[in-house]
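The next block holds one structure in the form of C-alpha cells; read it before the comments.
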Amino acid sequence: MMRVSVYVVRSEVGTIFSLSWLITWYGHVLPHLRDIVRCYDFFIACHPLMPIYLAAAVSYLMFHLCVYDFIWYLEVTGNCDFICNLVLK
C-alpha cells in the first residue's frame, strides 16, 4: 500500500494546498473583520506553519478550559468525591 506522501509528491502540487482549509477556518470563526485581517497579517509575517501552531495552541487551551470547567462543575455539584472514588477503585 502506498503512503499518501507518495501521491502528494507524484502529483507535484506541494503541501500548501492542504493548509487552505485551516487558514479560511479562521475567517469563519472570528466574529469581526478586524480580527480576521489581523490574524491573516500575523500569518503572512510569521513562519509558514503559524496557522497550525495557532490552531494547536487554541485546541490545547480549549481542552484545558473544558477540563477545568468539568472539575469546577464536579466540585460545585458535590460529585467530585464520587467521581474520584470511581476512578481510584
Side-chain angles (χ1 to χ4, degrees):
M1 182 193 297
M2 295 179 77
R3 295 179 55 155
V4 174
S5 62
V6 174
Y7 289 111
V8 172
V9 170
R10 283 187 184 169
S11 68
E12 298 178 356
V13 295
T15 55
I16 298 301
F17 80 94
S18 62
L19 290 179
S20 62
W21 73 268
L22 183 61
I23 294 171
T24 58
W25 175 73
Y26 290 104
H28 292 287
V29 298
L30 294 174
H32 304 289
L33 179 61
R34 70 177 185 274
D35 298 332
I36 296 168
V37 172
R38 188 168 188 179
C39 206
Y40 287 163
D41 286 343
F42 175 68
F43 295 152
I44 290 169
C46 292
H47 191 274
L49 294 177
M50 190 53 70
I52 295 174
Y53 298 153
L54 184 60
V58 168
S59 298
Y60 181 79
L61 175 66
M62 294 308 295
F63 170 77
H64 285 285
L65 288 175
C66 289
V67 168
Y68 291 135
D69 284 347
F70 180 68
I71 291 170
W72 176 83
Y73 171 78
L74 291 177
E75 290 174 351
V76 168
T77 59
N79 291 327
C80 190
D81 292 333
F82 174 72
I83 298 295
C84 289
N85 288 334
L86 286 177
V87 171
L88 295 176
K89 284 185 180 183

Transitively linked via ILVMFWY side-chain contacts under 4.5 Å: Y40 with V29? yes
Locate the shortest heavy-atom distance separating P48 from P51; write the atom from each residue and the value. O-CD, 3.5 Å
To the closest 0.5 Å, what do you measure between OH (Y60) and CG (L65)? 11.0 Å
Would the distance check show the side chain of H32 and the main-chain N or O of R34 forming a donor-acceptor pair, the cut-off being under 3.5 Å? no
Count I, L, V, M, F, W, Y as connected when their side-chain heavy atoms are under 4.5 Å apart, and connections chain through other members. Are I52 and I36 then in the same cluster? yes
Minimal heavy-atom distance between D35 and L30, with the atoms involved, is O-CD1, 3.8 Å
Treat each ILVMFWY residue as a node, draw an edge where side-chain heavy atoms are under 4.5 Å apart, and state whether Y53 and L61 are in one component. yes
